[in-house]
Amino acid sequence: MPQGSEDSAPRPQAGWPQRERGLERLRLLLSAQDALAPLLVMALLTGICAGIVTVAFRFLSEWPAQLFLSIPDRYESLPPHWRFALPVGGALLLGSMYLLLTPSRRNVGVVHVLDRLHNHQGQMPIQNAFLQFFAGTTALVSGHSVGREGPAVHLGAASGSWVARKLRLPNNSARSLLACGVAAAIAASFNTPLAGVVFAMEVVMLEYSVAGFLPVILAAVAGSAAAQISFGNEPVFNVPAIQLNSLAELPVLFLCALVIGTLAALFIHAHRRLAPQQRRSPLLRFVIVGATTGTLAIWVPEILGTGYDTLQLAMLGELGLTTLAVIVAAKLVATALGTGLGIPGGVIGPSLFLGACLGGIAGGLTNLWLGEYTASPGFYAMVGMAAMMAALLNAPLAALLAILELTYNPNVLFPGMMMIVVACLVSRHFFATEGIFQETLRALDRSGTPSWRQQMLSRVGVASVMERRFVVSPQEISEEAAMRLIKRHPQWILIDLPEEPAPQLLRAADLATFLQRVKEARGEAKSGQKTEEETVPVDLLKLPGEREQLAELSWRATLLEAQQLLESSGAGALYISRGHSGALDNRATGIILPQHIDNFYRK
């Protein structure tokens with residue numbers, strides 16, 4: 001059929017999202033920044049999923065150890081040759097697992113979560129999560145000096161990403177669900193819902209907002225409920241409500257915080273130097289870690305596993321000064337080497353362990369110097385845990401709340417706050433470290449902390465701000481079809497160019513001006529004469545007006561992705577695609593212009 005006929009008339013844009021229903025309406029609502037009600041529903045679902053996965057991980061990582069340990073975590077009961085063989089055997093098994101996978105599938109842990117959040121819009125590969133589940137279990141059961149919270153964070157984040165992917169939710173809500181999964185996992189792993197919330201916002205999302213907090217809180221409640229159903233509601237550590245006896249002890253706590261901040265910074269520096277070695281053969285790396293950990297464990301078996309039994313003894317003040325000093329030295333070496341070379345475990349548990357032992361040393365020395373009327377070494381151990389975790393993770397509030405929930409002892413708050421400030425100041429200011437996760441990201445040549453602008457744009461989906469007043473039209477249309485198009489009052493005309501790599505964008509006002517001029521020119525002609533112009537179709541690429549080259553962007557994308565695509569493609573605007581195949585009018589559902597992004601900044 002010739003161009004300019006009725007079949008070439010502009011086609012109306014598809015009904016979505018103007019007539020959205022059911023799940024499609026939910027997706028559109030979630031693309032907005034303030035979509036609190038639907039996000040709460042998704043957060044509850046994510047919290048349940050993350051809680052179940054984390055509970056399953058805890059069972060799998062604790063149950064096999066009962067076959068050879070009479071008391072949980074009591075690796076000291078094993079003979080020396082078993083204390084050496086367990087880490088080495090676990091390292092060989094881990095190395096074999098990793099060799100079966102491509103390098104991109106070997107990334108696990110909190111650093112992997114941050115990388116996927118900041119650089120991949122929170123999309124977590126499910127294969128990496130499966131590796132984390134089984135490899136983390138292997139590392140913990142075989143006694144490697146790592147914690148279980150790193151794998152838990154990864155599994156929780158993957159749960160949130162899985163929910164978002166299965167429901168095809170926009171990327172801005174996928175990021176929120178990732179944080180919900182992290183909070184639920186921390187809550188389920190330690191029965192610390194409040195610390196899980198703050199960790200997710202302070203360490204992972206790097207932001208605080210009411211709309212961001214509420215879904216994360218709900219998810220943490222769901223994760224904690226899953227843990228209490230499975231493991232009971234008792235705190236992780238049963239310690240008496242001991243307290244600081246005198247303000248005269250504050251200088252001692254100050255000195256202890258200086259030491260803790262220094263050791264945390266040295267740990268981070270060692271970790272940063274070791275992290276690039278993770279690109280080497282996993283089998284070689286893990287065998288080195290296994291042999292080192294096993295050798296140290298022959299003489300210092302307390303470093304094996306999570307070490308919560310030793311941590312409990314330190315908080316009760318039942319370990320001597322020499323024992324604590326030896327344990328700290330061995331634990332620092334085993335943990336820094338293990339996590340630095342990529343053993344799939346966490347650093348939060350070891351940070352609590354090290355802080356408790358260092359605090360116990362400070363408390364023991366204080367008792368020797370100032371007499372028995374000073375606070376128990378166990379109290380120093382509690383506040384030392386908070387200081388070490390805060391300085392190592394650069395997460396002061398999460399550390400303070402974690403200790404409060406782990407011990408149920410409010411007496412730690414006042415001195416703990418002072419020690420956290422001092423330890424973080426020493427680590428950040430005097431040693432120029434930003435926290436172990438951010439430093440590791442940089443050591444692995446991945447971007448670190450996003451800017452406030454990137455954070456802001458990541459919170460909003462393009463579907464909530466896109467321009468919907470547009471029509472799709474072929475390049476050439478009849479005047480009659482063009483008039484009908486203008487009567488529908490569109491803002492933009494999307495010019496379909498099947499033979500070109502991308503469509504173009506034209507202002508509807510430019511077409512209206514052109515048609516008005518044609519009409520005025522005809523009015524000046526002789527009445528009743530039919531000019532040749534009347535039969536010539538309108539070419540939308542040749543009429544006067546500004547046209548923009550377009551690039552395609554998924555409706556699930558955020559404004560940050562839109563900005564990045566505009567910069568990388570050189571396009572003047574973007575058309576938002578529903579992901580359908582076929583004709584352009586079946587795919588296009590909106591337009592994003594640079595001013596849409598600029599206007600968002602001004603709100």
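Quick note: numbers below take in every heavy atom, side chains included, and nothing from hydrogens, waters or symmetry partners.
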- Message: Would you say Glu561 and Asn171 are linked by a side-chain donor-acceptor pair, where the criterion is simply a distance under 3.5 Å?
- Response: yes
- Message: Between Arg116 (side chain only) and Gln123 (backbone N and O only), is there a donor and an acceptor less than 3.5 Å apart?
- Response: yes
- Would Leu29 and Leu39 count as a side chain to side chain contact (heavy atoms under 4.5 Å, CB included) if you check the C-alpha gap in whole Å, the side-chain angles of each, and the deciding distance to 0.1 Å? CA-CA 9 Å; Leu29 290 173; Leu39 192 57; over 6 Å; no
- Output yes when a side-chain donor or acceptor of His269 lies under 3.5 Å from a complementary backbone atom of Phe431, and no otherwise. yes
- On a heavy-atom basis, the closest approach of Asn107 and Asn128 is O-ND2, 2.9 Å
- Item | Lys/Arg N to Asp/Glu carboxylate O, Arg148 vs Glu62, below 4.0 Å | yes
- Message: Nearest 0.5 angstrom please: Leu44 CG to Cys180 SG, how far?
- Response: 10.0 Å
- Does any N or O in the side chain of Asp309 come within less than 3.5 Å of the main-chain N or O of Glu302, such that one atom is a donor and the other an acceptor? no
- Message: When you compare the side chain of Leu263 with that of Met388, does any pair of heavy atoms fall below 4.5 Å?
- Response: yes
- Query: If only atom types and distance count, is the side chain of His144 paired as donor or acceptor with the main-chain N or O of Pro87 below 3.5 Å?
  - Reply: yes
- Message: Any carboxylate oxygen within less than 4.0 angstrom of a Lys/Arg side-chain nitrogen, looking at Glu434 and Arg442?
- Response: yes
- Query: Between Arg27 and Leu169, is there a donor-acceptor pair closer than 3.5 Å when you use the side chain of the first and the backbone of the second?
  - Reply: no
- Task: Verify the neighbour count for atom CZ of Arg279: are there more than 12 heavy atoms of other residues, nucleotides or ligands below 6.0 Å?
- Result: yes
- Task: Under the salt bridge (charged side-chain N to carboxylate O under 4.0 Å, His left out) rule, what do Glu207 and Arg459 come out as? Steps first, then yes or no, please.
- Result: CA-CA 11 Å; Glu207 64 183 38; Arg459 299 184 195 131; 3.1 Å; yes
- Working for side chain to side chain contact (heavy atoms under 4.5 Å, CB included), residues His112 and Met124: CA-CA 9 Å; His112 174 62; Met124 303 284 297; 3.8 Å; yes
- Message: So Met201 and Leu206, do their side chains get closer than 4.5 Å, heavy atoms only?
- Response: no
- Item | Polar side chain donor-acceptor pair, Thr137 to Ser61, under 3.5 angstrom | no
- Query: What are the two closest heavy atoms between Leu94 and Ala135, and how far apart are they?
  - Reply: CD2-O, 3.4 Å
- Find out whether Val110 and His154 are in side-chain contact, i.e. whether some heavy atom of one side chain is under 4.5 Å from a heavy atom of the other. no
- Quick one: CD on Gln132 to CD1 on Ile126, what's the gap to the nearest 0.5 Å? 12.0 Å
- Message: With a 3.5 Å distance limit and no angle check, can you tell me whether Thr293 reaches the backbone of Gly290 through a side-chain donor-acceptor pair?
- Response: no
- Which heavy-atom pair separates Ser230 from Val55 by the least distance, and what is that distance? OG-CG1, 3.3 Å
- Nearest 0.5 Å please: distance from the CG atom of Leu566 over to the NE2 atom of His596. 11.5 Å
- Message: As an exercise, state the distance from CD of Gln563 to CG of Asp598, rounded to the nearest 0.5 Å.
- Response: 8.5 Å
- Heavy-atom check, side chain of Phe437 versus side chain of Val347, under 4.5 Å: yes
- Can you tell if the side chain of Trp555 reaches within under 4.5 Å of the side chain of Pro170, non-hydrogen atoms only? yes
- Assign the ring pair Tyr98 / Phe286 to parallel, tilted or perpendicular, where the plane angle (0 to 90°) is split at 30° and 60°. perpendicular
- Task: Please determine if Arg105 forms a cation-pi arrangement with Phe130, meaning its NZ or CZ atom is less than 6.0 Å from the six-membered ring centre and no more than 45° off the ring axis.
- Result: no
- Query: Which value, rounded to the nearest 0.5 Å, describes the distance between Met466 atom CE and Leu553 atom CG?
  - Reply: 11.0 Å
- Message: Looking at every non-hydrogen atom in both residues, tell me the closest pair between Thr335 and Ser145 and how far apart they are.
- Response: OG1-OG, 2.7 Å
- Identify the two heavy atoms, one from Ala219 and one from Ala184, that lie closest to each other, and give their separation to 0.1 Å. O-CB, 3.3 Å
- Item | Close side-chain approach of Thr138 and Met97, heavy atoms under 4.5 Å | yes
- Query: Is there a donor-acceptor pair closer than 3.5 Å between any side-chain N or O of Arg58 and the backbone N or O of Ala188?
  - Reply: yes
- Near-ring test Tyr308/Phe353, centroid separation under 6.0 angstrom: no
- Query: Does the side chain of Leu401 reach to within under 4.5 Å of the side chain of Thr192, using non-hydrogen atoms?
  - Reply: no
- Query: Between Thr433 and Ser427, is any side-chain donor less than 3.5 angstrom from a side-chain acceptor?
  - Reply: yes
- Query: Do side-chain atoms of Ser31 reach the backbone of Gly461 as a donor and acceptor pair under 3.5 angstrom?
  - Reply: no
- Message: If you count heavy atoms of other groups shown closer than 6.0 angstrom to CE of Met418, is the number above 12?
- Response: yes
- Task: Would you please indicate if the ring centroids of Phe59 and Phe231 are separated by under 6.0 Å?
- Result: yes
- Query: Where the side chain of Ser96 meets the backbone of Leu92, is there a donor-acceptor pair that is under 3.5 Å apart?
  - Reply: yes
- At what distance, to the nearest 0.5 angstrom, does CG of Asp115 lie from CG of Leu444? 8.5 Å
- Going through the distances and angles, do Met385 and Leu311 end up as a side chain to side chain contact (heavy atoms under 4.5 Å, CB included)? CA-CA 10 Å; Met385 290 164 60; Leu311 202 159; 3.7 Å; yes
- Message: Can you confirm whether Ile186 sits close enough to Val153 that some side-chain heavy atom of one is under 4.5 Å from a side-chain heavy atom of the other?
- Response: yes
- Val163/Ser159 under side chain to side chain contact (heavy atoms under 4.5 Å, CB included): CA gap, chis, key distance, verdict: CA-CA 6 Å; Val163 170; Ser159 299; 5.7 Å; no
- Task: Answer yes or no: is there a donor N or O on one side and an acceptor on the other, between the side chain of Thr558 and the main chain of Asn172, under 3.5 Å?
- Result: no
- Message: Is a donor from one side chain sitting under 3.5 angstrom from an acceptor on the other, for Asn191 and Ser224?
- Response: yes
- Side chains of Ser189 and Glu149: is there a donor and an acceptor less than 3.5 Å apart? no
- Query: Nearest heavy-atom pair of Val53 and Phe133: which atoms, and what distance?
  - Reply: O-CE1, 4.0 Å
